[in-house]
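Down below is the structure, laid out as structure tokens.
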Amino acid sequence: MRYLIFFLFSICSIAQQTSKVDFLECNATIVPKAESKSVSGKVLYTFKVKSSIDTIRIDAKNMGFSEVIVNGKKVNFKNNKKELLLFEGFKIGKNKVAFDYECKPKQAFYFVGEGDNLQIWTQGQGKYTSYWLPSFDDVNEKVIFNLNINFNKDFEVLSNGKFMKSSINTNLKVWNYQMQKPMSSYLLMVAIGKFVKHESQSKSGIPLEFYLDANDSDKFEPTYRYSKQIFDFFEKKIGVKYPWKIYRQVPVRDFLYAGMENTSATIFAQDFVVDSIGFNDRNYVWVNAHELAHQWFGNLITAKSGKHHWLQEGFAKYYEMLAEKEVFGDDYFYYKLYKNANAIKNASKTDTIPVMNEKASSLSFYEKGAWALHVIRETIGEEKFDKAVKTYLKKYKFKNVETDNFLAEIKKVSNFDVENFKKKWLLDWRYQSDDINRLLNKNEFIKQLVEIQKQSNKPFSEKKDMFLQIMNSNVYYPIKVEILYQISSVSFEYKKRLIEIAMQCKSIEVRQAVAETLNNIPIDFKKEYETLLNDESYNTKEIAYVNLWNNFPNEQSKYLKIAKDWKGNNDRSLRILYLMYAQLSKEIYSETKFSLYNELINYTSSKFESSIRQNAFEAALIVNPHDEIVLKNLINGTIHFRWQFSKYSKDKIRELIKDEKNKKLFVSFLTNLDEKEQTVLKKIL
């Protein structure tokens, strides 16, 4: 999961408490209330006081407590709106504390939609579970969590661990989930919605549960493709049995990131729910592998602090890539290494923070961390690397780790110079070109790709024959894509044969590169180019459609008929594209055009997921940049909890108010906005 580092707390007080107090188990009942967007509950913690301590702290953001009972007796307590502070009633040895609480979470617990379309889900990492459950921001405090969740019986409720039982009282149902092993609080999760389930089982017998929104029940296979294969691969490759009793995965709308590796239960973004065509554009495979790898690297063992965060993200990224290598092959693996290396190289021009620093970038924790592991694995050999990882996981299971813990295991199985490695890869921000180039050159495809890239400044006449030979070969698709981009400015008559060969290629990526690079479509190539509209790729369809629309305005009515039933991926990009062109066309009667316009405008409203709204805003503002409903919906977007969409909405308003008419419209809306919207818009204006 990508996020800003969250270890922003007092190291001294944390170390003091965890050394003197050990929280063992939590039994909690929580009641989410969609109407008020609040949570109430009852909590019972069992904890052990190891040595004398004045005050015990439980993180609790903006919560209210009705009573606190320690070891069966009601006690005084303090609530500073950040922590519940216990200062009486406990003793050396085992203790219990019970309390009722209520809160209205500002973060980490999200209510999306309403009625049958309601979804509720959590995102603890980066924002803390302590916004909705009194718990521990300190990742070093690991607890066995058991949750009872009360909610409407017509919904499906998911959480961590094994589902044990349920009971129904009128419209309310209680779902009971139990963990058997300790975990950090940030890995707790709840997901509620109208989900349907498919079940499977790993080769080792672990139950696998795959969920989708009920409206997407026909998308199980493409969405979860390779899931069981990846799970079985990890158990064999890592050499340590999956550490939890069950594994479930569920997509939710407007999730903040690609996915989150909650213990035994991954939540991921709805945008990765795809049909068989959408799978070719953006699929869940890499997210699936990444979040599953975290069940070992991050959940079974957890970094002690942000300084060692690469032990979670670097490992998850690298094992994600190893899983993709298993599924898609060596060339795919090396191409990903190559692209990651280029990203690291470009970032190193301005990014001077090394991997072992809690302020390091996501690119450093993930991609550079993965590259660091690849250096070790390729240097000492796969067998020794796997042995060290296996020992490392078994030795520190359910504990917290530092970088030196892992490097010590590498040192035990090899004569690898761990100190020099640490200095170069983890403590030095610079791009390690020698190591990277040496390892990339082990793959013939990468060597050929680099050689082709070196041809970019040569005249077309000097490389045409070589390009023809390569285009007729079975080389991996990125080389052919590179050729098509190199010849993008060459006149069609000179490159025609290369384009024709590319169009005969079975590779979706190569045909898509033709669509992208051929902006001016010759009339005698139109029929061939139109075949791109039938490709098994929504992205290709969209690119080709726009180019055909612009190149052949006299045939726009034909293209409208072709696209009238298109929908595209979850972001409805193709449907919205059709709705926009229907408004720009003179071929559609006014009554139909009005109905289609209303559909387009409706997609900008808060009833829809942010990816749909963003596409709709772009289209609607092209059709009519002054539509008041659209502009008001755009203001609403500025207070959306998904920061990416909120930022988009703010930036779009800044762009629009350069037009004086729009600026006056936005000013006129101010008095009728709610307080949050008004505050944001005033700042923008």
Exercise for review: Start with the C-alpha gap between V252 and Y110, add the side-chain angles, then the distance that decides, and say whether side-chain contact (heavy atoms from CB on, under 4.5 Å) holds.
Suggested key: CA-CA 10 Å; V252 297; Y110 299 94; over 6 Å; no
Exercise for review: Examine K526 relative to F552 and say whether NZ or CZ is less than 6.0 Å from the centre of the six-membered ring and inside a 45° cone about the ring axis.
Suggested key: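 Here K526 passes the 6.0 Å and 45° test against F552.
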**Study point:** K197 to F210, cation-pi by 6.0 Å centre distance and 45° axis angle
**Key:**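 Because its charged atom misses either the 6.0 Å distance or the 45° angle limit, K197 does not stack over F210.
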Review point. Of all residues at least two apart in sequence or in a different chain, which pass the salt bridge (Lys or Arg N to Asp or Glu O under 4.0 Å) check with D218?
Key: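 Once residues adjacent in sequence are excluded, D218 has no partner under the salt bridge (Lys or Arg N to Asp or Glu O under 4.0 Å) criterion.
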Exercise for review: Identify, with sequence neighbours excluded, every residue that meets salt bridge (Lys or Arg N to Asp or Glu O under 4.0 Å) alongside K336.
Suggested key: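 Once residues adjacent in sequence are excluded, the partners of K336 under the salt bridge (Lys or Arg N to Asp or Glu O under 4.0 Å) criterion are E320, E324.
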Point to revise | N550 CG to N519 CG distance, which is reported to the nearest 0.5 Å | key: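 Those atoms lie 9.0 Å apart.
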Check your understanding: Quick one: OG1 on T350 to CG on N346, what's the gap to the nearest 0.5 Å?
Key ->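 Reported to 0.5 Å precision, the distance equals 9.0 Å.
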Review point. Does the pair Y476 and L449 meet the rule for a side-chain contact (heavy atoms from CB on, under 4.5 Å), with working shown?
Key: CA-CA 9 Å; Y476 196 41; L449 176 62; over 6 Å; no
Review point. Salt bridge or not for E655 and K652, using N-O below 4.0 Å?
Key: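 Answer for the salt bridge query: yes.
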Practice item. Taking only Lys NZ, Arg NE, NH1 and NH2, and the carboxylate oxygens of Asp or Glu, determine whether K317 and E313 approach each other closer than 4.0 Å. Key: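 Looking at E313 together with K317, the answer is no, because their closest N to O distance does not fall below 4.0 Å.
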Check your understanding: Taking the side chain from T604 and the backbone from I601, do they hold a donor-acceptor pair closer than 3.5 Å?
Key ->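 Flag set: sc T604 to bb I601 pair under 3.5 Å.
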Exercise for review: Verify the ring-centre separation between W566 and Y559: is it less than 6.0 angstrom?
Suggested key: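 No - the distance between ring centres of Y559 and W566 does not fall below the 6.0 Å cut-off.
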Check your understanding: Between Q125 and E261, is any pair of side-chain heavy atoms under 4.5 Å apart?
Key ->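 In contact.
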Practice item. Tell me, please, which residues at least two apart from Y334 pass side chain to side chain donor-acceptor pair (under 3.5 Å). Key: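 Partners of Y334 under the side chain to side chain donor-acceptor pair (under 3.5 Å) test: none.
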